[in-house]
Amino acid sequence: MEGVGGGSAVASMSQRQHEMWKVYQFYLDKTTPHPVARWIASSILVALYFLRVFYLEGFYVVTYGVGIYLLNLLIGFLSPLVDPETEPSDGPLLPTKGSDEFKPFIRRLPEFKFWYAVTKAFCIAFFMTLFSMFDVPVFWPILLVYWLVLFVLTIRRQIVHMVKYRYVPFSIGKQKYGGKKTYGSSGTCRFMTNPITE
């Protein structure tokens, strides 16, 4: 009898976890069309984390680990889904000439997943600052210099890759096509001339 009751308790707990996950996923999905608000909220979280580290004067190894993780995420965010160096010889997926067909840049790590991973990393790091066992004593300027060197070398390699395969991982806003205007705001012809002359 205990096995049956224990089984129903486990099933009930599993059902509750599933319901909580559905609610969490629902609100997470609602944030998808609001990238500016998401990044502002994450920036506040990052600022709170750095204020806590500054105030506690510790947890530099945790911060270094988050920095390495963010560097890895940034490379995925700036890289195309299919690397032109390793793609098959069918032809490049990215246009190489102005006459080539337009192909949008598809990231290896989409913006939403990038934001989610960054936010989750800082939430976990903030949680780790609540426990003194993660506060490993270390001389933080060495970690900072080492991280900066890694950052510069990695970004430099990524920029060389972008120049070599001629792609830009950023697009600001939706591209607008003006087309050819023939009439001005007053309703008069602007660019066309009247072919009938006296």
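Closest approach of Y60 to L143, counting heavy atoms only: O-CD1, 3.9 Å. Nearest heavy atom pair, residue G58 against residue D135, reads CA-OD1, 3.5 Å. Nearest heavy atoms, L45 versus T119: CD2-O, 3.7 Å. Of all the heavy atoms in R38 and T31, the pair that sits closest is NE-O, 2.9 Å.
Linking ILVMFWY residues whenever their side-chain heavy atoms come closer than 4.5 Å, directly or via other members, leaves V66 and F54 in distinct clusters. By the criterion of side-chain heavy atoms lying less than 4.5 angstrom apart, applied directly or through intervening Ile, Leu, Val, Met, Phe, Trp or Tyr residues, L130 is grouped together with V62 in one hydrophobic cluster. When hydrophobic clusters are built by joining Ile, Leu, Val, Met, Phe, Trp and Tyr residues whose side-chain heavy atoms come closer than 4.5 Å, directly or via intermediates, L153 is not grouped with I75. Cluster annotation: F151 is not connected to V160 through the hydrophobic network of ILVMFWY side chains, with a link wherever side-chain heavy atoms come within less than 4.5 Å. Under the 4.5 Å side-chain heavy-atom criterion for grouping Ile, Leu, Val, Met, Phe, Trp and Tyr, F139 is not connected to V145 through any hydrophobic cluster.
Note that OG of S43 is 11.0 Å distant from CG of L48, once rounded to the nearest 0.5 Å. The distance from atom CE of M128 to atom CZ of F131, rounded to the nearest 0.5 Å, is 10.0 Å. Here K120 contributes atom NZ and S42 contributes atom OG; the two are 13.0 Å apart, rounded to the nearest 0.5 Å. Separation of atoms CG (L74) and CG (L109) is listed at 9.5 Å; rounding is to 0.5 Å. Separation of atoms CG (L70) and CH2 (W147) is listed at 7.5 Å; rounding is to 0.5 Å. A distance of 10.0 Å separates CD in Q158 from CG in L71, rounded to the nearest 0.5 Å.
Ring planes of F112 and Y116: parallel class, angle under 30° (limits at 30 and 60°).
With hydrogens and angles disregarded, no donor-acceptor distance shorter than 3.5 Å links the side chain of S14 to the backbone of V10. Here the side chain of W39 pairs no donor or acceptor atom with the backbone of W115 at under 3.5 angstrom. No side-chain donor-acceptor contact under 3.5 Å links R108 to the backbone of V82. Proximity of a side-chain donor or acceptor of R107 to a complementary backbone N or O of F77 within less than 3.5 Å is detected. With T154 contributing its side chain and L150 its backbone, the two residues share a donor-acceptor pair below 3.5 Å.
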*Does the side chain to side chain contact (heavy atoms under 4.5 Å, CB included) test come out yes or no for F134 and V61, once each step is laid out?*
CA-CA 8 Å; F134 295 113; V61 172; over 6 Å; no
*Given side chain to side chain contact (heavy atoms under 4.5 Å, CB included), test F122 with F50 step by step and report yes or no.*
CA-CA 10 Å; F122 275 100; F50 280 111; 4.0 Å; yes
*asked:* Using side chain to side chain contact (heavy atoms under 4.5 Å, CB included), reason through I159 and R156 one step at a time and then give a plain yes or no.
replied: CA-CA 5 Å; I159 290 171; R156 183 172 167 260; 5.8 Å; no
*How far apart are the C-alpha atoms of M20 and Y24, what are their side-chain angles, what is the distance that settles it, and do they pass the side chain to side chain contact (heavy atoms under 4.5 Å, CB included) test?*
CA-CA 6 Å; M20 286 171 55; Y24 172 75; over 6 Å; no
*Go through R16 and S12 one step at a time and tell me if the side chain to side chain donor-acceptor pair (under 3.5 Å) criterion holds.*
CA-CA 6 Å; R16 263 190 238 128; S12 174; 3.2 Å; yes
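At a threshold of 4.5 Å between non-hydrogen side-chain atoms, the residues L51 and Y55 do not count as touching. Under the 4.5 Å side-chain criterion, counting only non-hydrogen atoms from C-beta, E19 is in contact with K22.
Aromatic rings from F59 and W140 are positioned such that their centres are separated by 6.0 Å or more.
Side-chain N/O atoms of Y49 and T129 include no donor and acceptor closer than 3.5 Å.
The existence of a salt bridge linking E57 and R52 is excluded, since no basic side-chain nitrogen approaches an acidic carboxylate oxygen closer than 4.0 Å.
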